[in-house]
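Single-structure report; data block below.
Treat the numbers as computed from the prediction; the structure is a model and nothing was measured.
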Amino acid sequence: MEQKAYARAGVDIDLGNRVKATLPQLLASTHRPEVLGKVGGFGGLFALNARKYKQPVLVSSVDGVGTKLKIAFAMDRHDTIGQDLVNHCVNDIAVLGAEPLFFLDYLGTGKLEPHVFTEIIKGFAKACAENRCALIGGETAQMPGFYQAGEYDVSGTIVGVVEKGRMLDGKSIKRGDAVIGLASSGLHTNGYSLARKIFFEDLKLQPRDYVPDLRNTIGDELLKVHVSYGPLVQKLLKKFNARHTRVIKGLAHITGGGFIDNIPRVLPRNCDVVIRRKSWEMLPIFQLILEDGGVKEEELYQVFNMGIGMVVIVDAGKADAVLRFITAQKQTAWLIGEVTKGRGEAHVR
């Protein structure tokens with residue numbers, strides 16, 4: 001059969017249609033009753049049940065996974081990237097107390113590889129199902145000559161909802177409040193440009209090299225999935241912020257900018273947070289970066305999460321109870337700092 005002109009130019013519409021035909025089965029696990037229509041229309045449809053809320057506020061976020069993709073390309077592993085993207089977006093809206101409702105993805109590539117597409121979408125579907133978030137649409141763009149062979153880019157948009165009166169805005173944070181840190185799985189989705197330079201240029205490692213201190217290959221270690229804290233946050237709010245109580249006062253997702261840039265985003269102008277750097281067990285990957293990276297330790301806390309993926313600012317009198325509840329949910333956490341009088345800054349000491 002003669003190949004179509006567009007396919008000869010590098011864009012195979014028929015292949016794209018055949019690959020996308022598998023989407024309904026892949027996305028079935030992400031279905032929510034509010035979803036209308038089917039995947040493949042010009043727009044995804046979601047009927048918000050506004051009767052569940054007095055004043056529903058929609059919360060949205062868009063993001064990518066950065067140069068972590070370079071590790072996926074090198075390892076030819078694409079099953080975790082979709083999970084990373086969804087979980088990152090879920091965490092970004094969770095800090096406001098929002099429950100995720102639906103997610104849309106974008107995938108751009110030079111040449112559509114069916115097995116790569118399927119692995120990525122499976123990752124999206126797995127994470128959406130775990131976060132009770134519907135995957136209601138997306139876009140796949142074939143752009144020959146735009147990307148290096150074997151490479152692609154992904155981004156995602158999430159929409160969630162929170163009751164206006166229960167939204168976390170950090171306004172009640174005050175001097176003396178406690179700071180709890182939730183353990184990360186590794187770098188999550190930030191700091192990979194520096195990490196790649198350290199491991200692959202400075203230390204001359206290859207992605208498939210086994211590193212005894214990590215008990216893993218460096219590539220697989222760097223591909224560990226970004227943890228979603230969304231379900232835990234919802235449990236915390238239900239347990240500790242019911243009715244008129246505000247035990248949970250603020251949350252910060254420790255992403256690009258580390259502790260130094262992210263924690264101030266939730267602080268009142270008259271408060272600082274002091275983080276005690278020896279108060280948690282540092283993961284081996286960060287210990288390796290610290291010892292062999294040739295970067296000042298102070299800068300590392302503005303680039304990486306250093307083992308803490310999210311911080312929870314709570315009433316000091318309830319800190320022990322909150323910590324016990326978190327650990328009972330199988331999430332490792334530590335008391336890592338406190339709120340002090342200040343100017344809206346974060347300090348690591």
| task | Work out which heavy atom in L182 is nearest to a heavy atom in L232; give both atom names and the distance. | result | CD1-CD2, 4.0 Å

| Going hydrophobic residue to hydrophobic residue with side-chain gaps under 4.5 angstrom, can you get from I260 over to V339? | yes

| field | Whether over 12 other heavy atoms sit under 6.0 Å from K126 NZ | value | no

| Counting only N and O atoms by type, is there a donor-acceptor contact under 3.5 Å from the side chain of N91 to the main-chain atoms of H88? | no

| Would you say T340 and V273 make side-chain contact, with heavy atoms under 4.5 Å? | no

| request: Could you list the residues that satisfy salt bridge (charged side-chain N to carboxylate O under 4.0 Å, His left out) with R343, not counting sequence neighbours? | output: E345

| At their closest point, which heavy atom of G170 faces which heavy atom of P268, and how far apart are they? | O-CG, 3.5 Å

| query | Is it true that atom CD of Q148 has more than 12 heavy atoms of other residues, nucleotides or ligands lying nearer than 6.0 Å? | reply | no

| Is it true that E99 and R32 make a salt bridge, defined as a side-chain N closer than 4.0 Å to a carboxylate O? | yes

| query | Of all residues at least two apart in sequence or in a different chain, which pass the side chain to side chain contact (heavy atoms under 4.5 Å, CB included) check with S60? | reply | V159

| task | Not counting sequence neighbours, which residues clear side chain to side chain contact (heavy atoms under 4.5 Å, CB included) with E201? List them please. | result | K197

| task | Kindly give the heavy-atom pair with the smallest separation between I285 and F199, and that separation in Å. | result | CD1-CZ, 3.7 Å

| said: Quick one, R175 and N270 - any side-chain contact, counting heavy atoms below 4.5 Å? | reply: no

| said: Quick check on the hydrophobic clustering: are I289 and Y210 connected, directly or via other members, by side-chain heavy-atom contacts under 4.5 Å? | reply: no

| Do R276 and E338 meet the salt-bridge criterion of a basic N to acidic O distance under 4.0 Å? | yes

| field | T245 side-chain N/O to V247 backbone N/O, donor-acceptor pair under 3.5 Å | value | no

| task | Mark yes when over 12 heavy atoms from residues, nucleotides or ligands other than E281 sit less than 6.0 Å from its CD; otherwise mark no. | result | no

| said: A side-chain contact here means heavy atoms from C-beta on lying under 4.5 Å apart; do I275 and I263 qualify? | reply: yes

| note | Residue set satisfying ring-ring contact (aromatic ring centres under 6.0 Å, His included) with F200, at least two apart, ordered chain then number -> none

| request: Using a strict 4.0 Å threshold on nitrogen-to-oxygen distance, state whether D220 and R77 make a salt bridge. | output: yes

| note | Distance col, row I13:CD1 vs L112:CG, nearest 0.5 angstrom, shows 12.0 Å

| message | Taking E151 first and then K70, would you say they form a salt bridge - that is, a charged N and a carboxylate O separated by under 4.0 Å? | response | yes

| message | Return the CG to CG distance between L251 and D92, rounded to the nearest 0.5 Å. | response | 12.0 Å

| field | Straight-line distance of I218 CD1 to D213 CG, nearest 0.5 Å | value | 10.5 Å

| request: For residues 135-176, pull every pair meeting ring-ring contact (aromatic ring centres under 6.0 Å, His included), keeping only residues two or more places apart or in separate chains. | output: F73-Y152, H78-Y152

| message | Assess the residue pair V322 and F240 against the criterion (side-chain contact (heavy atoms from CB on, under 4.5 Å)); give the C-alpha distance rounded to whole Å, side-chain angles, the decisive distance to 0.1 Å, and a yes or no. | response | CA-CA 8 Å; V322 173; F240 293 100; 3.9 Å; yes

| task | Begin from the C-alpha positions of H115 and D76 and carry the test side-chain contact (heavy atoms from CB on, under 4.5 Å) through to its verdict. | result | CA-CA 11 Å; H115 79 282; D76 194 25; 4.1 Å; yes

| query | Between the main-chain N or O of A125 and the side-chain N or O of Q83, is there a donor-acceptor pair closer than 3.5 Å? | reply | no

| Are I326 and V179 connected, step by step, through hydrophobic side chains (Ile, Leu, Val, Met, Phe, Trp, Tyr) whose heavy atoms are closer than 4.5 Å? | no

| query | After noting the C-alpha distance and the side-chain angles of T217 and E221, does the key distance pass the side-chain contact (heavy atoms from CB on, under 4.5 Å) rule? | reply | CA-CA 6 Å; T217 67; E221 188 71 22; over 6 Å; no

| How long is the gap from OG1 on T140 to CD1 on I120, to the nearest 0.5 Å? | 9.0 Å

| query | K174: what forms a side chain to side chain donor-acceptor pair (under 3.5 Å) with it, not counting sequence neighbours? | reply | none

| message | Taking ring-ring contact (aromatic ring centres under 6.0 Å, His included) as the definition, give me every residue that meets it alongside Y192, ordered by chain and number, with sequence neighbours left out. | response | none

| Test side chain to side chain contact (heavy atoms under 4.5 Å, CB included) applied to E163 - qualifying residues, sequence neighbours left out | Y53, K54, Q55, R166

Could you list the donor-acceptor pairs under 3.5 angstrom formed by side chains in residues 300-311, with sequence neighbours left out?
from: Q302; atom 1: NE2; to: D261; atom 2: OD1; distance (Å): 3.2
from: Q302; atom 1: NE2; to: D261; atom 2: OD2; distance (Å): 3.3
from: N305; atom 1: OD1; to: S184; atom 2: OG; distance (Å): 2.8
from: N305; atom 1: OD1; to: G307; atom 2: N; distance (Å): 2.7
from: N305; atom 1: OD1; to: I308; atom 2: N; distance (Å): 3.4
from: N305; atom 1: ND2; to: G186; atom 2: O; distance (Å): 2.9

| field | Atom pair NZ (K249) and CG (D315), whose distance is rounded to the nearest 0.5 Å | value | 5.0 Å

| task | Would you check, one step at a time, whether the test side-chain contact (heavy atoms from CB on, under 4.5 Å) holds for I336 with I180? | result | CA-CA 6 Å; I336 65 168; I180 293 172; over 6 Å; no

| said: Are I158 and L168 connected into the same hydrophobic cluster when the rule is that any two of I, L, V, M, F, W, Y join if their side-chain heavy atoms are below 4.5 Å apart? | reply: yes

| remark: Scanning both residues in full, the closest heavy-atom pair of D292 with I198 reads O-CG2, 4.5 Å

| note | For F102, the ring-ring contact (aromatic ring centres under 6.0 Å, His included) test, sequence neighbours excluded, returns F46

| query | Side chains of E119 and V116: does their closest heavy-atom pair fall under 4.5 Å? | reply | no

| said: Quick one, T157 and F103 - any side-chain contact, counting heavy atoms below 4.5 Å? | reply: no

| said: Starting from V274, can I reach F259 by hopping between I/L/V/M/F/W/Y residues whose side chains sit under 4.5 Å apart? | reply: no

| ring-ring contact (aromatic ring centres under 6.0 Å, His included) with H188: which residues, sequence neighbours excluded? | H226

| query | Considering all heavy atoms of both residues, which atom of L135 and which atom of C128 are nearest to each other, and what is their separation? | reply | CB-SG, 4.0 Å

| field | Expected output: side-chain N262 to main-chain G258 donor-acceptor under 3.5 Å | value | yes

| message | Ignoring hydrogens, what is the shortest heavy-atom contact between L283 and S185? Give both atom names and the distance. | response | CD1-C, 3.8 Å

| said: List the residues meeting salt bridge (charged side-chain N to carboxylate O under 4.0 Å, His left out) with E297, not counting sequence neighbours, and say none if there are none. | reply: R277

| For A183, does its backbone N or O pair with a side-chain atom of T332 as donor and acceptor, under 3.5 Å? | no

| said: Please report the interatomic distance CD1(I136) to CG(L104), rounded to the nearest 0.5 Å. | reply: 5.0 Å

| request: Decide, yes or no, whether a salt bridge links K341 with D272 under the criterion of side-chain N to carboxylate O below 4.0 Å. | output: no

| query | Do the side-chain N and O atoms of S228 and N131 include a donor-acceptor pair separated by under 3.5 angstrom? | reply | yes

| K122 with D79: basic N within carboxylate O range, under 4.0 Å | no

